[in-house]
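Inspection log for the structure reproduced underneath, given as structure tokens.
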Amino acid sequence: MSVLLQASGLCQQYTTGKTLFKHPTVVRAVDSIDLEIREGEIAGIVGESGSGKSTLGRMLLGIEPPYRGELTWRGAPMPAPGTPEWRRLRREMQLIFQDPLAALDRRMTIADQIGEPLEIHGLVPREAIRNRVSELMGKVGLRPDQAGRYPHELSGGQRQRVVIARALAMAPKFLVCDEPVSALDVSIQAQVVNLLYDLKLEEGLTMVFISHDLKVVRNLCDRVVVMYLGRIVEEGPADEIFANPRHPYTQALVSSVPSAGRGHAKRILLQGEPPNPASRPSGCAFHPRCHLADAACKAEAPALIRDSHRLAACLKLRAAPNQDQVREIHA
Ligand SMILES: Nc1ncnc2c1ncn2[C@@H]1O[C@H](COP(=O)(O)OP(=O)(O)OP(=O)(O)O)[C@@H](O)[C@H]1O
Ligand SMILES: [Mg+2]
């Protein structure tokens with residue numbers, strides 16, 4: 001699979017909380033991320049709240065310029081924002097996020113909203129817009145009689161379909177879906193997830209799928225990237241990550257997902273406070289919550305080490321690369 005998008009050393013930081021009496025706090029939301037997104041894949045990004053998933057997603061789309069680091073698209077540097085090449089590329093990359101109502105205009109019918117990008121960008125002749133809108137509505141499973149409805153007259157799942165149809169109108173190559181189904185009922189979630197999967201197969205779309213829901217990630221994604229406090233701690237093919245997580249953090253996340261036939265595996269509860277990017281622990285940022293941590297983990301930040309097609313950042317793995325040994329410690 002060829003590489004569509006490549007991030008090298010991506011960093012993002014925000015300065016917050018500056019008042020007359022208080023020094024500003026610098027939050028490193030994304031910290032030295034190297035990541036490849038390959039053509040035609042769905043890459044899942046998981047991690048607790050505040051781990052930098054949405055920030056990374058926005059940066060991959062070029063919506064937010066990196067504080068440091070570089071992005072290439074099909075091997076060439078991302079064009080500078082505002083240039084014609086950048087505008088053309090932006091059409092190929094679309095964002096779908098959690099709240100479809102916020103993404104839609106309440107005063108426009110859904111057919112007009114799906115047709116709007118076609119009109120603005122002159123993507124099809126004016127007289128062909130209506131047909132293309134019907135086609136897009138069919139593709140996302142909206143009925144023709146719903147064309148004249150307004151967003152508030154639709155269910156959450158139907159609204160998300162409208163957002164997806166509007167994104168598809170631009171004939172994108174790459175979608176970042178940031179918690180696209182977390183506001184939906186479980187049954188509707190499955191329909192929207194199936195729709196995204198069909199789009200990958202039928203349209204050859206490449207996607208980054210950001211989610212808290214590991215069950216959905218396991219079913220949908222080809223590859224999984226696990227983030228902790230702005231960094232990647234583990235990455236690999238989804239089936240392998242779920243069958244044999246290596247990083248203790250991933251092991252804890254995965255242990256909370258029931259799997260068919262065996263229910264919950266021995267559940268590993270995460271101890272301590274959820275991560276706070278404003279006060280990053282020394283050494284391995286996960287060490288205060290890790291049952292394997294020792295003095296070395298407090299002192300030394302682990303590098304992300306590659307082992308064939310998998311990556312993990314844990315000093316304990318370096319000491320004991322045999323996974324069975326790590327598993328024994330858990331038993
Ligand atoms: N515009 C901003 N200004 C200041 N801080 C920000 C901004 N955007 C994000 N952050 C901070 O950066 C960190 C990462 O945020 P981000 O939204 O990327 O996390 P996330 O993994 O998407 O979390 P969630 O799962 O809750 O959506 C958080 O600590 C957040 O408070
Ligand atoms: Mg987020």
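Just follow the structure's listing: the first ligand is 1, and inside any ligand the first atom is 1.
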query: Hey, is OH on Y197 packed in by over 12 heavy atoms from elsewhere, all under 6.0 Å?
result: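 No, because the 6.0 Å sphere around OH of Y197 holds 12 heavy atoms or fewer from other groups.
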
message: Minimum heavy-atom separation for W86 and G82, please, with both atom names.
response: CE3-N, 3.2 Å

- prompt: Judging by distance only, is a nitrogen or oxygen of T16 under 3.5 angstrom from one on ligand 1?
  reply: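 No: no nitrogen or oxygen of T16 is under 3.5 Å from one in ligand 1.
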
message: Would K53 count as being in polar contact with ligand 1, using the rule that some N or O on each side must be under 3.5 angstrom apart?
response: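 For ligand 1, there is an N or O atom that lies under 3.5 Å from one belonging to K53.
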
Can you list the atoms of ligand 1 that are under 4.0 Å from a heavy atom of [X]?
| X | result |
| --- | --- |
| H212 | 25 (O) |
| S51 | 19 (O), 21 (O) |
| G50 | 13 (C), 14 (C), 19 (O), 20 (P), 21 (O), 23 (O), 24 (P), 26 (O) |
| A29 | 12 (O), 13 (C), 14 (C) |
| R58 | 8 (N) |

Taking NZ, NE, NH1 and NH2 as the nitrogens, is one of them in [X] or [Y] under 4.0 Å from a carboxylate oxygen of the other?
| X | Y | answer |
| --- | --- | --- |
| E234 | R246 | no |
| D222 | R38 | no |
| K316 | D294 | yes |
| R132 | E135 | yes |

- request: Assign the ring pair F174 / W73 to parallel, tilted or perpendicular, where the plane angle (0 to 90°) is split at 30° and 60°.
  value: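 It falls in the tilted class, 30° to 60°.
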
field: Donor-acceptor pair, side chain of D31 and main chain of C11, under 3.5 angstrom
entry: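 It does not hold such a pair.
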
Name the closest protein heavy atom to [atom], giving the residue it belongs to and the distance to 0.1 Å.
| atom | result |
| --- | --- |
| atom 9 (C) of ligand 1 | Y14 CE1, 3.4 Å |
| atom 19 (O) of ligand 1 | G52 N, 3.3 Å |
| atom 22 (O) of ligand 1 | S54 OG, 2.8 Å |
| atom 24 (P) of ligand 1 | S49 OG, 3.6 Å |
| atom 29 (O) of ligand 1 | P277 CG, 3.0 Å |

query: Given that the side chain starts at C-beta and the backbone is N, CA, C, O, which of these parts of T55 lies under 4.0 Å from ligand 1, counting heavy atoms, or is it both or neither?
result: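 Answer for T55: both.
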
message: Under 2.8 Å from the Mg ion (ligand 2), can any N, O or S atom of S54 be found?
response: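 Here the distance criterion (N, O or S atom, under 2.8 Å) is met by S54, so yes.
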
query: So, for atom 31 (O) of ligand 1, does the protein have a heavy atom nearer than 4.0 Å?
result: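 Looking at atom 31 (O) of ligand 1, one finds that no protein heavy atom lies closer than 4.0 Å.
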
- prompt: Can a protein heavy atom be found under 4.0 Å away from atom 4 (C) of ligand 1?
  reply: yes

- prompt: Will you find, in the side chains of T55 and Q12, an N or O donor that is under 3.5 Å from an N or O acceptor?
  reply: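 Judged by distance alone, the side chains do not pair up.
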
field: Distance-only donor-acceptor check, side chains R161 and Q191, under 3.5 Å
entry: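 Yes, a side-chain donor-acceptor pair sits under 3.5 Å.
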
